[in-house]
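Sequence positions, counted from 1, serve as the residue numbers for this chain.
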Amino acid sequence: MNDKPTTNELTHLDGEGRARMVDVSAKATTTRIAVAGGELQTTAEVIALVRADGMPKADVLSTARIAGIAGAKRTSELIPLCHQLSLSSVKIEFGFTETTITVEATAKTTGQTGVEMEALTAVAVAGLTLHDMVKAVDPAATMNGVRLLTKEGGKHGHWVRPDAENTTEAEVETPTAGPRSAVVLVASTGGARGTREDTTGPVIAEWLTAQGLSVRGPLVYADADIAAGLADALTGAPALVVTTGGTGTSPTDQTPEATRAVLDRELPGLAEAMRRKGAEKTPYASLSRGLAGLSGRTVLVNLPGSPGGVRDGMSVLEPILEHLLAQVSGGGMHDA
């Protein structure tokens with residue numbers, strides 16, 4: 001790793017030590033990506049309220065996400081020597097430990113200068129918004145550890161934060177994913193609040209375990225927070241994420257929309273096969289909007305929230321699961 005730069009190596013100072021905006025006109029135009037993180041330290045009570053969408057100021061995570069994206073877009077107005085960038089993507093994800101809400105922002109552009117400050121600003125603004133939203137319950141909450149995690153693009157290529165000893169508690173608690181790892185995610189507002197029993201998540205987890213997979217979950221998130229639930233489930237890039245619930249036509253059903261936002265490629269045939277299987281028993285199965293696809297090398301499948309819909313989905317998945325996971329990991333046969 002490079003040593004810490006001395007004062008005369010600071011790019012935002014000219015030869016006489018005066019602040020300046022760096023001239024990037026001679027730099028190559030490349031894809032630039034930066035990932036930053038931070039965490040809001042709060043109380044277990046606040047964590048429970050946020051996960052159940054029960055804060056006095058509702059929709060906490062969505063509000064913080066929008067604020068963070070807006071902050072990234074206005075970075076050049078807030079930090080005087082930053083260049084104005086045309087951002088192609090800003091993604092903000094949240095996770096939970098017992099007493100922290102973790103924030104991770106990924107900023108992307110194609111240009112002549114990096115997006116580190118945009119990612120860092122997104123984390124800071126999202127975290128401050130979380131603080132504002134929870135302060136009525138926990139005025140002592142603190143936003144900690146805003147830091148750059150990775151960046152890539154430009155002449156220095158890929159960079160990863162070297163201080164592995166500073167891994168956050170959330171990262172320590174997340175199991176290391178592997179080719180036989182799976183996560184079960186339940187979209188249920190009542191389940192997240194503890195007012196409704198989760199009857200589908202444990203069934204899926206038991207079935208996946210029987211298939212020889214190492215299973216995390218069921219993770220239970222309110223319907224309004226299912227995007228945060230997907231971010232949690234995808235942490236560590238497991239081989240498979242199976243969701244249940246939130247695939248219907250109710251105004252609160254948001255699982256397909258949140259899923260589409262993280263998919264790189266869809267597997268429409270798999271989703272349609274599940275609907276056909278369900279339609280053999282009930283015409284209501286055709287109303288399911290569930291998706292299936294790939295997020296990176298993670299297979300992501302939406303199942304309905306009903307026990308019958310879950311059984312039908314598992315019956316479709318079971319004979320193809322090994323082949324699907326092997327293909328996605330790069331080791332499968334390409335036979336018909």
**Student:** List the residues meeting salt bridge (charged side-chain N to carboxylate O under 4.0 Å, His left out) with R276, not counting sequence neighbours, and say none if there are none.
**Tutor:**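 By the salt bridge (charged side-chain N to carboxylate O under 4.0 Å, His left out) rule, R276 matches no residue at all.
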
**Student:** Does a donor on one side chain sit under 3.5 Å from an acceptor on the other, for D138 and T42?
**Tutor:** yes

**Student:** Please evaluate residues E98 and I47 with respect to the criterion side-chain contact (heavy atoms from CB on, under 4.5 Å), reporting the C-alpha separation (whole Å), side-chain torsions for both, the decisive distance (0.1 Å), and the verdict.
**Tutor:** CA-CA 7 Å; E98 290 186 3; I47 298 300; over 6 Å; no

**Student:** Each residue besides V220 in its hydrophobic cluster should be listed here, by chain and number; the cluster joins Ile, Leu, Val, Met, Phe, Trp and Tyr at side-chain heavy-atom distances under 4.5 Å.
**Tutor:** V186

**Student:** Side-chain heavy atoms nearer than 4.5 Å, only ILVMFWY residues, links allowed to pass through others: does that put I320 and L294 together?
**Tutor:** yes

**Student:** Taking only residues two or more places apart in sequence or in another chain, which ones pass side-chain contact (heavy atoms from CB on, under 4.5 Å) with S250?
**Tutor:** T252, D253

**Student:** Do the non-hydrogen side-chain atoms of D232 and R51 ever get within less than 4.5 Å of each other?
**Tutor:** yes

**Student:** Can V299 be reached from V184 by stepping across I, L, V, M, F, W or Y side chains whose heavy atoms are under 4.5 Å apart?
**Tutor:**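 Yes, same cluster.
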
**Student:** According to a hydrophobic-cluster definition based on side-chain heavy atoms being under 4.5 Å apart (Ile, Leu, Val, Met, Phe, Trp, Tyr only), do F94 and L128 belong together?
**Tutor:** no

**Student:** Could you tell me whether a side-chain N or O of T282 sits under 3.5 Å from a main-chain N or O of G278, the two making a donor and an acceptor?
**Tutor:**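 Here the side-chain-to-backbone pair does not exist.
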
**Student:** Does anything in residues 111-131 form a salt bridge (charged side-chain N to carboxylate O under 4.0 Å, His left out)? List the pairs, not counting sequence neighbours.
**Tutor:**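 Applying salt bridge (charged side-chain N to carboxylate O under 4.0 Å, His left out) to every pair that reaches into residues 111-131, excluding sequence neighbours, yields E116-K151.
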
**Student:** Taking distance alone, no hydrogens or angles, what donor-acceptor pairs closer than 3.5 Å link side-chain atoms of residues 200-210 to residues at least two apart or in another chain?
**Tutor:**
from	atom 1	to	atom 2	distance (Å)
T200	OG1	T244	OG1	3.1
W207	NE1	E318	OE1	3.0
T209	OG1	A205	O	2.9

**Student:** Ignoring hydrogens and geometry, is there a side-chain-to-backbone donor-acceptor pair from T298 to P238 under 3.5 Å?
**Tutor:** yes

**Student:** By salt bridge (charged side-chain N to carboxylate O under 4.0 Å, His left out), which residues pair with D223, not counting sequence neighbours?
**Tutor:** none

**Student:** I'd like to check the side-chain hydrogen bond (donor to acceptor under 3.5 Å, both in side chains) partners of S286; sequence neighbours left out, ordered by chain and number.
**Tutor:** none

**Student:** Could you work out, with side-chain contact (heavy atoms from CB on, under 4.5 Å) as the rule, every residue matching R74, not counting sequence neighbours?
**Tutor:**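 E77.
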
**Student:** Under the salt bridge (charged side-chain N to carboxylate O under 4.0 Å, His left out) test, which residues partner E197, sequence neighbours left out?
**Tutor:**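 Per chain and number, E197 pairs via salt bridge (charged side-chain N to carboxylate O under 4.0 Å, His left out) with no residue.
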
**Student:** Which pair of non-hydrogen atoms, one from R32 and one from V115, has the smallest distance, and what is that distance?
**Tutor:** O-CG2, 3.8 Å

**Student:** Can you spot which of T100, N144, T99, T97 makes a side-chain hydrogen bond (donor to acceptor under 3.5 Å, both in side chains) with Q41?
**Tutor:**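 Per the side-chain hydrogen bond (donor to acceptor under 3.5 Å, both in side chains) rule, the option paired with Q41 is T99, out of T100, N144, T99, T97.
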
**Student:** Flag yes if more than 12 heavy atoms outside R289 fall under 6.0 Å of its CZ atom; otherwise flag no.
**Tutor:** yes

**Student:** Please confirm whether the backbone N or O of A141 pairs with a side-chain atom of H131, one donor and one acceptor, at under 3.5 Å?
**Tutor:** yes

**Student:** Can you give me the closest heavy-atom contact between S181 and L213, atom names plus distance?
**Tutor:** O-CD2, 4.1 Å

**Student:** According to side-chain contact (heavy atoms from CB on, under 4.5 Å), who are the partners of I79, at least two apart in sequence or on a separate chain?
**Tutor:**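 side-chain contact (heavy atoms from CB on, under 4.5 Å) list for I79, sorted by chain: T75, C82, M117, T121.
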
**Student:** Just one of N302, V301, D312 clears the side-chain contact (heavy atoms from CB on, under 4.5 Å) bar with M274, so which one?
**Tutor:** V301

**Student:** Who pairs with R275 by salt bridge (charged side-chain N to carboxylate O under 4.0 Å, His left out), at least two apart in sequence or on another chain?
**Tutor:** E272

**Student:** With sequence neighbours left out, what residues match K108 under side-chain contact (heavy atoms from CB on, under 4.5 Å)?
**Tutor:** T31, I33, S88, S89

